[in-house]
Participant: 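Could you have a look at this structure, given as structure tokens, before my questions?
Not measured: the values here are computed from a predicted model.
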Amino acid sequence: MLKDLNFNGLRHFEAVVRLGRVSKAADELRVTTSAVSQQIRLLEQQFGVLLFRRHNRRLIPTEEGARLYSATSQAFKLMADVHSAIVRQPHGREFVLRVSPSFGVRWLGPRIKPFLDQHPDWSVRVDATPEVSDFGTEKVDLDLRYGSGTTAELHETQVMQDFVLPMCSPDLLERLRAVSDDPLEQLREAQLIDSAMAHYRWDLWLNRYAGRSMSIPSVYSLRFDRSSMAIQLAADGAGVTLESAVLAWRELEAGRLVPLSPEIDVIAYPAYRVVCPPRHTNRRIVRLFSDWVVQEGAKHEAELRAFLEAKGCHVVQEEGPAPGDAGAERS
């Protein structure tokens, strides 16, 4: 049993085998030779075998001792490597950021290089997961979160708004327009791509924003828990997705996705924010990143608004995410 192992004795044993003499092991461990010899005797008693034989005043490990040394040296090396990996950043110059997967890949990834170039001395780790951080138990400096629901104990700064609208590929839109000029009739004919983790999903959106009641499927044939997949499928012409223009920006800018209709309002609401315990704001890197990402968010929000207005879309301001979905995280 591990709890019965004499780890102090193993440390002395490993040093004796590696250095070949008790005196050298004692010097390295900063103990007396008698203390080393005592630990070796205790270890031999515990295992019930001799671990060394003497040859020309040197201690040579027996077969059992060689087996024990092989396992012990590997274990000590592994622990030393882990220790080095944990503490290798001088003065704690590591910054750990948590973001949702789709946002990390689609928005943050293409923009973060200039920030990294400006701060080359920092080690930056991005943890992409839809789960929010437990700052009390996890080693995370900052969350870049989507939605609302922050507790009063956390410090938060708004980054930018999100813009939600139905969108599809240009080819699919052309086929839908051949069926009807009414965008709601077009939606009846189209396959709806559901983003399961989104704040605004088809059922709620149709009831609140489509202008009149419309029957919707209770089970969607295309349903994804990653916004990236829903956006990609829509760009491939598989259906119409109700998604974030922030996440779909590359496809919208390139023309692979287009708004379904300028007659349908775009929903804008405060969505992205950085969150951390107040004490974390004392770290310079946290303040630097927060300032940088807020500036980038403001630039992109202005870019999106200009793009949507150029398409003839009308933006409707909402105060927050849809009722009942405030705790969800964008995937």
Participant: Charged N to carboxylate O below 4.0 Å: is that the case for Asp171 and Arg175?
Facilitator: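 Result for this pair is no, no salt bridge flagged.
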
Participant: Of all residues at least two apart in sequence or in a different chain, which pass the ring-ring contact (aromatic ring centres under 6.0 Å, His included) check with Phe289?
Facilitator: Phe95, Phe115, Trp292

Participant: Between Glu14 and Arg18, is the closest basic N to carboxylate O distance under 4.0 Å?
Facilitator: yes

Participant: Cut-off 3.5 Å, side chains only: do Gln186 and Asp182 have a donor facing an acceptor?
Facilitator: no

Participant: For residues Asn8 and Arg11, is any side-chain donor paired with an opposing acceptor at under 3.5 Å?
Facilitator: yes

Participant: Surrounding CZ of Arg287 (heavy atoms of other residues, nucleotides or ligands, distance under 6.0 Å), is the total greater than 12?
Facilitator: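 Enclosed.
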
Participant: Do Ser102 and Ser228 get their side chains close enough for a donor-acceptor pair, meaning under 3.5 Å?
Facilitator: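 Indeed, the side chains of Ser102 and Ser228 share at least one donor-acceptor pair under 3.5 Å.
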
Participant: Can Ser34 and Gln38 be counted as having a side-chain donor-acceptor contact under 3.5 angstrom?
Facilitator: no

Participant: Checking Glu44 now: which residues fulfil salt bridge (Lys or Arg N to Asp or Glu O under 4.0 Å) with it, not counting sequence neighbours?
Facilitator: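 Not a single residue meets the salt bridge (Lys or Arg N to Asp or Glu O under 4.0 Å) criterion with Glu44.
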
Participant: Do we see a donor-acceptor contact under 3.5 Å between the side chains of His314 and Asp265?
Facilitator: yes

Participant: Could you check whether Glu189 and Ser180, counting side-chain N and O atoms only, form a donor-acceptor pair closer than 3.5 Å?
Facilitator: no

Participant: Are Phe163 and Tyr269 close enough that their ring centres sit under 6.0 Å apart?
Facilitator: no

Participant: Could you tell me whether Phe307 and Trp249 have their ring centroids closer than 6.0 angstrom?
Facilitator: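 Centroid distance Phe307-Trp249: below 6.0 Å, so yes.
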
Participant: Look only at the side chain of Arg30 and the backbone of Ala26, and say whether a donor-acceptor pair between them is shorter than 3.5 Å.
Facilitator: no

Participant: Among Thr62, Val49, Leu51, whose side-chain contact (heavy atoms from CB on, under 4.5 Å) with Leu68 holds?
Facilitator: Leu51

Participant: Residues in salt bridge (Lys or Arg N to Asp or Glu O under 4.0 Å) with Glu138, at least two apart?
Facilitator: Arg98

Participant: Have Glu243 and Ser195 got a donor and an acceptor in their side chains that come within less than 3.5 Å?
Facilitator: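 Note: Glu243 and Ser195 side chains meet the donor-acceptor criterion.
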
Participant: Applying the side-chain contact (heavy atoms from CB on, under 4.5 Å) test to Asp143, which of Val99, Leu154, Val274, Val132 qualifies?
Facilitator: Val132

Participant: Under 3.5 Å, is there a donor-acceptor pair linking the side chains of Glu251 and Gln232?
Facilitator: no

